[in-house]
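Here is the structure we will look at.
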Amino acid sequence: MSRKYFGTDGIRGTANSGNMTAEIALKVGMAAGRELLHGEPPHRVVIGKDTRLSGYMLESALEAGFLSVGMEVFLVGPLPTPAIAMLTRSMRADLGVMITASHNPFEDNGIKLFGRDGFKLSDEQEIAIERRIGETPELAASAGLGRAKRIEDAQGRYIEYVKNTFPKHLTLDGLKVVIDCANGAGYAVGPIILYELGAEVFPIGVSPNGTNINLGCGSTHTELLQRAVLEHGADVGIALDGDADRLIMVDEKGQVIDGDQLMAMAAAYWQKTGQLKGNGVVATQMSNLGFEKFLNHSGLSLHRTNVGDRYVLEHMRAYGFNVGGEQSGHLIFSDYATTGDGLIAALQMLAILRHENRPASESSRRFVPFPQRLHNIRYTGANPVESPSVKKAVADVEEELGNRGRVLLRKSGTEPLIRV
């Protein structure tokens, strides 16, 4: 079955048009509720969101959809995507829903779904939900309608959960940290977690107004963070994206540390301490060739998947790895979380800095990256990647490069773009 709604990471589009209208959200609530009900009542769903203006509309529509098929709805307000995964599991809910378009501008929004185990839904489950969206909904009887309530302590639950992933014998006392929360879902919890662990915290990107999420800030626009680290004389900077499941860091010199360097840092230290599982790391086709050669030189392997953190996690679960992620900053430490978590990843990196007692500029530079360039090309009509002439051009260049480089073309799962 071809997909009409779901892409590589849930459903996403421009708010109040196409797939991101209140009508579609209502249908998604009805369809997902019916598809994922398990056993006898109560049937529960946890709904969170980031700080986009359109989140109010989509939250209300999803809530109505779930209530109409007899589910109890728990609203938690703005929280990181990984918090929704954690709460879904801890509250024994049938389903978790995060309303977010991640690193995209405020005009976009999306719907991410988690199963009762806290993991993102499988392709098969998403296809089953799509099928139900096109059918007449099976509504509950009047006496079987659901109820909704707001969970007031959701932030506190998540804060304590994240803090408990930091080694008990360590603190962040004396560490100066700038954190850029992208005016997004992590704006309230991120600075609190760092402060309560002992850091001197300089928060930026913590004034959401509904339209400034990811606007010139966060993990995709690190210039603001780089300047702030230098201005405050900070030891390290932390950049989250709009739903706080990504992490990019900045060292004390104002230099960006991407996801590949962070994974290399974690793999090297965890190999040394015996924490690393699977004798390697799982990453995507986008990861730098220098990262792969660093791992191989260390006796470790790099297992590549299709782009998308869900595919990384699927491979990690299937083959027993506990470190994986994407160059863009989706880092998965499966000992602690069921999805990428920018704050948990940040604490793991800060723990390594504490153990090694070296500046971030030294501890995070594990390899020299091969030159790499990313171009996004907007297109209309058919997918140009499938063109015979394009395929031939790629093959010719790869033959010329040999083992010194590679070419990757892929269609974006959320926008009409070819990423080259």
Side-chain angles (χ1 to χ4, degrees), residues 1-50 52 54-77 79 81 84-85 87-89 91-101 108-151 243 310 414:
M1 175 182 175
S2 61
R3 290 168 177 257
K4 180 179 179 181
Y5 299 103
F6 286 92
T8 56
D9 197 9
I11 305 171
R12 193 175 297 185
T14 302
N16 219 25
S17 66
N19 288 344
M20 276 297 108
T21 63
E23 179 185 8
I24 295 298
L26 177 72
K27 291 180 178 179
V28 170
M30 293 175 176
R34 275 298 178 192
E35 181 63 31
L36 298 172
L37 293 180
H38 297 282
E40 295 298 318
H43 299 304
R44 294 178 153 195
V45 57
V46 177
I47 302 178
K49 60 183 180 179
D50 64 23
R52 294 164 208 270
S54 57
Y56 294 100
M57 173 188 72
L58 297 172
E59 178 186 52
S60 295
L62 283 162
E63 177 186 353
F66 287 119
L67 295 175
S68 73
V69 296
M71 296 194 77
E72 294 183 15
V73 175
F74 295 91
L75 302 169
V76 300
L79 273 180
T81 288
I84 305 310
L87 289 167
T88 300
R89 186 166 56 173
M91 295 178 65
R92 296 177 63 191
D94 296 276
L95 182 66
V97 181
M98 180 64 182
I99 304 167
T100 182
D108 294 341
N109 217 329
I111 300 170
K112 297 182 181 182
L113 301 177
F114 294 91
R116 64 191 314 179
D117 57 2
F119 291 97
K120 290 180 179 178
L121 299 187
S122 66
D123 289 339
E124 292 75 20
Q125 288 173 309
E126 290 180 347
I127 289 171
I129 292 170
E130 285 222 357
R131 188 177 295 111
R132 283 185 179 270
I133 291 175
E135 299 173 352
T136 302
E138 302 171 44
L139 302 179
S142 298
L145 292 171
R147 300 175 185 270
K149 66 180 296 187
R150 193 161 293 277
I151 305 299
D243 66 335
R310 62 182 294 181
T414 58

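Because the structure is predicted, anything quoted here is derived from the model rather than measured.
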Go through the steps to decide whether Val73 and Arg147 satisfy the test side-chain contact (heavy atoms from CB on, under 4.5 Å), and finish with yes or no. CA-CA 6 Å; Val73 175; Arg147 300 175 185 270; over 6 Å; no

Begin with the C-alpha distance, continue with both residues' side-chain angles, and end with the deciding distance and a verdict on side-chain contact (heavy atoms from CB on, under 4.5 Å) for Leu95 and Thr88. CA-CA 6 Å; Leu95 182 66; Thr88 300; 5.8 Å; no

Checking Leu145 against Leu67 for the side-chain contact (heavy atoms from CB on, under 4.5 Å) test, could you report, in this order, the C-alpha distance in whole Å, the side-chain angles of both residues, the deciding distance, and whether it holds? CA-CA 6 Å; Leu145 292 171; Leu67 295 175; 5.8 Å; no

Derivation and outcome, side-chain contact (heavy atoms from CB on, under 4.5 Å), residues Leu58 and Met20: CA-CA 8 Å; Leu58 297 172; Met20 276 297 108; 3.9 Å; yes

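Arg52 and Asp108 are not joined by a salt bridge, as no carboxylate oxygen comes within less than 4.0 angstrom of a charged side-chain nitrogen. Under the 4.0 Å criterion applied to side-chain N and carboxylate O atoms, Glu135 and Lys27 are not assigned as salt-bridge partners.
When side chains are defined from C-beta on, Leu37 counts as touching Met71, because their heavy atoms get closer than 4.5 Å. Side-chain contact between Met57 and Asn16 is present, with heavy atoms from C-beta onward closer than 4.5 Å. The shortest side-chain heavy-atom distance between Ile151 and Val46 does not fall under the 4.5 Å cut-off. Taking 4.5 Å as the limit, some side-chain heavy atom of Ile99 sits within range of a side-chain heavy atom of Asn109. Taking 4.5 Å as the limit, some side-chain heavy atom of Thr81 sits within range of a side-chain heavy atom of Phe114. Asp50 has its side chain within reach of Met98: a pair of non-hydrogen atoms, C-beta onward, lies under 4.5 Å apart. Looking at Leu87 and Leu79, their side chains come closer than 4.5 Å, going by heavy atoms from C-beta outward. Between Glu72 and Val45 there is no side-chain heavy-atom pair separated by less than 4.5 Å.
Looking only at distances, a side-chain donor or acceptor of Asn19 sits under 3.5 Å from a matching main-chain atom of Lys4.
Between Ala101 and Arg12, the closest heavy-atom pair is O-NH1, 3.6 Å. The minimum heavy-atom distance between Phe66 and Ala32, with the atom names listed, is CE2-CB, 4.2 Å. In plain terms, the two heavy atoms of Ala61 and Ala25 that are nearest each other are CB-CB, 3.7 Å. Nearest heavy atom pair, residue Ile84 against residue Val97, reads CG2-O, 3.6 Å. In terms of heavy atoms, Asp117 sits closest to Arg89 at O-CD, 3.4 Å. In terms of heavy-atom proximity, Ala140 sits nearest to Val69 at CB-C, 3.8 Å.
Expressed to the nearest 0.5 Å, how far CD1 of Ile133 lies from CD1 of Ile24 amounts to 7.0 Å. Rounding to the nearest 0.5 Å gives a distance of 5.0 Å between CE of Met91 and CZ of Phe74. Note that the CG atom of Leu139 and the OG atom of Ser68 stand 5.0 Å from one another [nearest 0.5 Å]. For the atom pair CD1 of Ile11 and CZ of Phe6, the computed distance is 4.0 Å after rounding to the nearest 0.5 Å. The CG atom of Leu26 lies 4.0 Å from the CE atom of Met30; values are rounded to the nearest 0.5 Å. Taking CG of Leu113 as the start and CD of Glu35 as the end, the distance is 11.5 Å to the nearest 0.5 Å.
Each of Arg132, Lys112, Arg310 was checked for a salt bridge (charged side-chain N to carboxylate O under 4.0 Å, His left out) with Glu126, and the lone residue meeting it is Arg310.
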